[in-house]
Amino acid sequence: MIAENAKNIKKIIDSANVTIVTVTKTQSIERIREAVNAGLTVLGENRVQEAAEKIGPLADLPVEWHLIGHLQTNKVKQAVAMFSLIQSVDSLKLALEINRQAAAANKQQDILLQINVAGEASKFGIAPSQASIVAAELFALPNIRLCGIMTIAPFFDQAKDTRPVFRQAREIFERLNKELGRPEYFNRLSMGMTHDYLVALEEGSNMVRIGSGIFGERQTR
Ligand SMILES: *Cc1c(COP(=O)(O)O)cnc(C)c1O
């Protein structure tokens, strides 16, 4: 089942030059291997600790890891050592610490700025009205590279109801892209999950984060 799901989703998305981030939270090493063997090589975790437990046992595979969940400043050092892209940068304070730890590790850390487009109290991310100011500050930090934005849409029973949120995210993305003037690397728009990724793609997403669409419903560990 995993291989077939992976194949179907990959086929649709390869044609659009979109990155599939395979969300591996709660999944076993064996099940993750099955997805990677089916061609999914960008893996996403939302906790540093859980990622740390998986990266070693999967080190023989040609994969890269993204962080997609909230990052606490005391875990930044570990995160910088593990992730090729930190998608969930949700404050200037966090970005400053990533910049500091990346400098210490002699690395330039790729990040996305997480935007809370719908203003949900339950979600992390900066407000759309703050996006330009924060993005400009991040751009000035030498050891991080701001590569785009990430957003998590509210859950609607009808995925199409998500469209206005994705459209607004796309507008913010394009505005920042112009303001920052570095389209050669500020070019990632991470939005869309299993339930709503088709709508996100229609609205211009080029990075989708999919868990249950590949692995089936999540079992709690
Ligand atoms: C869990 C998670 C996903 C994947 O969710 P699915 O509905 O299983 O596809 C995507 N993005 C984030 C930030 C997540 O935490």
Side-chain angles (χ1 to χ4, degrees), residues 1-10 12-13 18-28 31-32 34-36 38 40-54 63-72 75 79 82-91 94 110-126 147-163 165-166 169-170 173 188-221:
M1 185 193 71
I2 293 175
E4 192 168 308
N5 290 344
K7 209 168 79 190
N8 287 337
I9 292 181
K10 196 165 186 293
I12 296 167
I13 292 176
V18 168
T19 301
I20 308 170
V21 180
T22 301
V23 178
T24 55
K25 64 189 180 207
T26 77
Q27 303 299 333
S28 66
R31 290 166 66 79
I32 298 170
E34 209 176 324
V36 175
L40 298 172
T41 56
V42 180
L43 307 180
E45 279 285 336
N46 59 356
R47 292 177 182 199
V48 172
Q49 186 52 43
E50 192 175 336
E53 289 165 15
K54 292 171 179 168
V63 296
E64 63 174 280
W65 292 87
H66 291 189
L67 183 67
I68 60 171
H70 177 64
L71 176 59
Q72 291 168 316
K75 301 247 172 71
M82 287 164 33
F83 297 103
S84 62
L85 181 64
I86 299 176
Q87 297 201 10
S88 44
V89 175
D90 52 18
S91 72
L94 176 60
D110 284 350
I111 66 162
L112 302 182
L113 183 58
Q114 183 175 350
I115 314 253
N116 187 355
V117 174
E120 291 176 283
S122 62
K123 293 206 169 89
F124 290 99
I126 66 155
C147 298
I149 68 170
M150 183 271 261
T151 198
I152 306 171
F155 181 89
F156 293 102
D157 285 331
Q158 300 287 318
K160 66 176 169 45
D161 292 339
T162 315
R163 190 177 301 281
V165 175
F166 288 146
R170 165 81 182 264
F173 170 72
R188 304 320 312 244
L189 177 55
S190 173
M191 61 184 191
M193 311 181 8
T194 296
H195 175 67
D196 55 20
Y197 76 95
L198 289 173
V199 181
L201 290 172
E202 285 172 359
E203 293 303 325
S205 168
N206 58 27
M207 188 172 268
V208 294
R209 310 176 307 269
I210 300 187
S212 50
I214 292 159
F215 294 107
E217 289 295 309
R218 265 185 293 283
Q219 275 103 45
T220 41
R221 292 210 297 178

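Note that the numbering runs from 1 along the sequence shown for the chain. Every number for a ligand or one of its atoms is a count from 1 in the order of the listing.
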Exercise. Not counting sequence neighbours, list each pair that qualifies as a salt bridge (Lys or Arg N to Asp or Glu O under 4.0 Å) and has a residue in residues 197-208.
Key: R163-E202, R163-E203, R167-E203

Exercise. I would like to know whether H66 and R209 meet side-chain contact (heavy atoms from CB on, under 4.5 Å); could you show each step before the answer?
Key: CA-CA 10 Å; H66 291 189; R209 310 176 307 269; over 6 Å; no

Quiz prompt | S205: side-chain contact (heavy atoms from CB on, under 4.5 Å) partners, not counting sequence neighbours | solution = M191, A200, L201, V208

Quiz item: Between E45 and T24, is any side-chain donor less than 3.5 angstrom from a side-chain acceptor?
Solution: yes

Quiz item: Which pairs with one or both residues in residues 116-125 pass side-chain hydrogen bond (donor to acceptor under 3.5 Å, both in side chains), sequence neighbours excluded?
Solution: E120-K123

Quiz item: Only one of I20, V18, N5 clears side chain to side chain contact (heavy atoms under 4.5 Å, CB included) with K10; which?
Solution: I20

Practice problem: For ligand 1, would you mind listing the residues that have at least one heavy atom less than 4.0 Å away, ordered by chain and number? | Solution: V23, K25, N46, I68, I152, M193, T194, R209, I210, G211, S212, R218

